[in-house]
S.K.: 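Before anything else, here's the structure in question.
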Amino acid sequence: MSDLITPGLVALDVHLGATAHDVITHLANQITAQGRATDAAELAEHALAREAKTATGVPGGIAIPHCRSAAVTAPTLAMARLADPVDFGAKDGPADLVFFIAAPEGADKDHLKLLSRLARALVKKSFTAALREAQSNQEIVDLVSDVISDAPAAPAPAPADEPAAAGPAATQRPKVVAVTACPTGIAHTYMAADALAQAAQELGIDFAVETQGSSGSTPLDPALIRDADAVIFAVDVDVRDRGRFAGKPVIQVPVKRGVDEPAKLLTDAVAASTDPQARRVPAASAQESADTAESKKESFGGGLKRALLTGVSYMIPFVAGGGLLIALGFLLGGYAITDVADAYLGENTLWNLPDAGLAAYLGAAAFKIGSLSMGFLVPALAGYIAYAYADRPGIAPGFTAGAVAGFMGAGFIGGIVGGVIAGLACRWINSWPVPRWLRGLMPVVIVPLLGSIIASGLMFLVLGGPIARLTVALNDWLSGMSGVAAAGLGLILGLMMAVDLGGPVNKVAYSFAVAGLGAGSLVENPAPLMIMAAVMAAGMVPPLAMALATVIAPKLFSGAERENGKAAWLLGAAFISEGAIPFAAADPLRVIPASMVGAGVTGSLIMVFNVVSQAPHGGIFVFFAMNNTWPFFLLATVIGTVISALLVIVLKKFVRKAPAAPAQPAAAQSAGVAA
């Protein structure tokens, strides 16, 4: 399969810039120039986003930036041997050998296996030495083609397969199993597996590994797991079927540490196997956050924030679908549909339409489906907050506590409190030491039962009433806001939406709006709907403003930014604030303040204009969910967009930063590639 790499995809002894960003951008351009991708900027953006999650530098002066992207038309390897090594985050220094692995979103397993073989070959010193000594592009192609054609599909045999294992001394050898997995499942997954296997062989450890990567996964033999003294999870994603390893001492680390420190991980695993206090894989198959190394260091506040964001993220589909259906019901059946929907659906059918006609009947159906979906808002919020704390055993107690909160009128505040109590209770119950025969009942019977009793009992007997009164007071306060108070709230929400463009602060503002949406109504309580509109309009401003700025003053932006500006029009119109991230990442000190000013103004204007939105997402595409206030929604958004666009242009003109590296190296790079 030598078509993965061609001489035109190789650059030897060239200078591609001083940063990983420069190198990745050049290689993305090179791949596109060879007809292997349709959009160099999009490919580079995806690779840099992957780089931001985990640095791709590995020991030995090697870097393997990689990504999946819809811009890639064929699985591709681009290779550069750098004249000036560049830092890709490896502990032992910068990299001079860079392989860019570009995979299409729907790459077939055969190609992905070949890409993973290359990644595994790069841990072999003989192969990397040959790459450094190669004299021509074709020689590089031949070397790579050899390893991806001949390399075994499985990791190097573990010492357990050696004949010596039968001897008396071999019975004392420690036994360790591992799982490796990275987000893309192309490079680090397999490099970590091979690095661990090689280190195990050197340390005299019986070892077997399961790679949960894109090219497929062969589960470990249950007998190997049963006999293992410890397990290593070198992963950046959830381990599939974690329950197989229940009770085993576990070392869990990011996958990159499997590449960088394989010997240390194996040594730690062997030490854990004899330590009665070592952390173990929980008996339940759930991956409990409390049992991970990260969450052991997590503060209560950090855990609460994570749980709230988890609850909101799982709740949003209920609210999004429900809100849009309710809005569609109003569009078809008019605003009186709330009074007649039940009667229409109970007394009529498609073959026996009400006097108001087909549109009214369909509107009643849409409104009712949406209302039922919105009814899950508080239970889903509570259920998945509990899930964030205790995984699957927490879902049922959380949903039940949320339903109790709804029954008592405690609203989304009650749902949050009930979900937190349910999650903490279930996590505590699941930590109880129980006999082995009882472990199987814990996650499916005992934890949900006791967790429901504790959380829902507290809501009924102690907390529900006071929280319900607090909720009524909050709704009355929001409903009574007008003038300066409403404008001030809109300003704060707008600033929060733009300060980190999809980050934690943005999510807090959005979560506040979505969580209150279920209590809103056009007639009795429009304030939550106004808050939702303010948050959505403010979140649209940053990408729209950057798109407008690239049109007004294109010379102030790079070619890549101008291309991103074209996409930002649609992203902003659809309320995807992240469309401004490429601009903010390149110039945060000017883009973010400018975005915040415009978004804050828009948020204030939305509240002043009394704009409402029954839909939590969609931007201008859900105008029908805004009653007759959508022209004011557009006006407020346009005003904020113009303010931010003009402000960022002024800042770029008069508050200059040092210019980036000149474009001259690009010509030299091209010449180097051509050579």
Side-chain angles (χ1 to χ4, degrees), residues 314-384 395-396 399-400 402-412 414-415 471 475 479 513-533 536 574-575 610-634:
Y314 279 100
M315 176 193 71
I316 285 173
F318 292 98
V319 183
L324 289 171
L325 283 166
I326 289 174
L328 183 60
F330 288 140
L331 182 68
L332 294 173
Y335 290 101
I337 199 69
T338 56
D339 300 323
V340 296
D342 288 352
Y344 283 177
L345 295 173
E347 300 171 6
N348 303 100
T349 67
L350 279 174
W351 296 270
N352 178 29
L353 293 172
D355 294 339
L358 177 62
Y361 181 73
L362 294 178
F367 173 80
K368 193 62 181 179
I369 296 170
S371 298
L372 292 171
S373 177
M374 291 289 285
F376 287 103
L377 188 155
V378 175
L381 174 66
Y384 287 105
I395 292 178
F399 263 84
T400 305
V404 171
F407 173 79
M408 299 193 70
F412 76 93
T471 299
N475 286 334
S479 299
V514 171
L517 197 58
S521 67
L522 290 170
V523 178
E524 297 178 358
N525 186 21
L529 307 184
M530 293 165 57
I531 291 171
M532 189 71 254
M536 183 153 61
F575 179 37
N610 295 322
V611 178
V612 296
S613 175
Q614 299 169 85
H617 216 290
I620 63 172
F621 300 104
V622 292
F623 69 91
F624 57 86
M626 300 172 189
N627 197 3
N628 56 0
T629 62
W630 65 266
F632 296 99
F633 181 91
L634 289 180

S.K.: For the CG atom on D355, are there more than 12 heavy atoms of other groups (residues, nucleotides or ligands in this structure) within a distance under 6.0 Å?
M.R.: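 At most 12 heavy atoms, drawn from other residues, nucleotides or ligands, come within 6.0 Å of this atom.
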S.K.: Looking at I369, is its backbone amide N or carbonyl O close enough to the side chain of S373 to form a donor-acceptor pair, meaning the two atoms are under 3.5 Å apart?
M.R.: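 Not confirmed, S373 side chain does not pair with I369 backbone.
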S.K.: Looking only at heavy atoms, what is the nearest atom pair of L332 and G363, with distance?
M.R.: CB-CA, 3.7 Å
S.K.: Looking at OG of S613 and CE of M536, how far apart are the two atoms once the value is rounded to the nearest 0.5 Å?
M.R.: 3.5 Å
S.K.: To the nearest 0.5 Å, what is the distance between OG1 (T349) and CG (N352)?
M.R.: 5.0 Å
S.K.: If you look at every heavy atom in Y361 and N348, which pair is closest and at what distance?
M.R.: OH-O, 3.5 Å
S.K.: Roughly how far apart are F376 CZ and F399 CZ, rounded to 0.5 Å?
M.R.: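 Output value for this atom pair is 7.5 Å.
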S.K.: So, do L529 and V611 sit near enough that their side-chain heavy atoms are less than 4.5 Å apart?
M.R.: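 A side-chain contact is absent here, since even the closest heavy-atom pair is not under 4.5 Å.
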S.K.: Kindly give the heavy-atom pair with the smallest separation between F633 and A533, and that separation in Å.
M.R.: CE1-O, 3.7 Å
S.K.: Could you give the distance from CG (D342) to CG (L345), rounded to the nearest 0.5 Å?
M.R.: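 Going from the CG atom of D342 to the CG atom of L345 covers 7.0 Å.
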S.K.: Does F632, at its CZ atom, have more than 12 non-hydrogen atoms belonging to other residues, nucleotides or ligands within less than 6.0 Å?
M.R.: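 For F632, atom CZ is not crowded (no more than 12 foreign heavy atoms under 6.0 Å).
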S.K.: Please report the shortest heavy-atom distance between A341 and A364, naming the atom on each side.
M.R.: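 For A341 and A364, the tightest heavy-atom pair comes out as CA-CB, 3.8 Å.
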S.K.: If you measure from CG on L377 to CG on L381, what distance do you get to the nearest 0.5 Å?
M.R.: 6.5 Å
S.K.: First locate atom CD1 of I620, then atom CZ of F575, and finally report the distance between them rounded to the nearest 0.5 Å.
M.R.: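 Atom-to-atom, I620:CD1 and F575:CZ are 13.5 Å apart.
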S.K.: State, yes or no, whether a side-chain contact exists between F367 and L325 at a heavy-atom distance under 4.5 Å.
M.R.: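 Contact flag for F367/L325 side chains = no.
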S.K.: Would you name the heavy atoms of A405 and G414 that are closest together and state the gap between them?
M.R.: CB-C, 3.6 Å
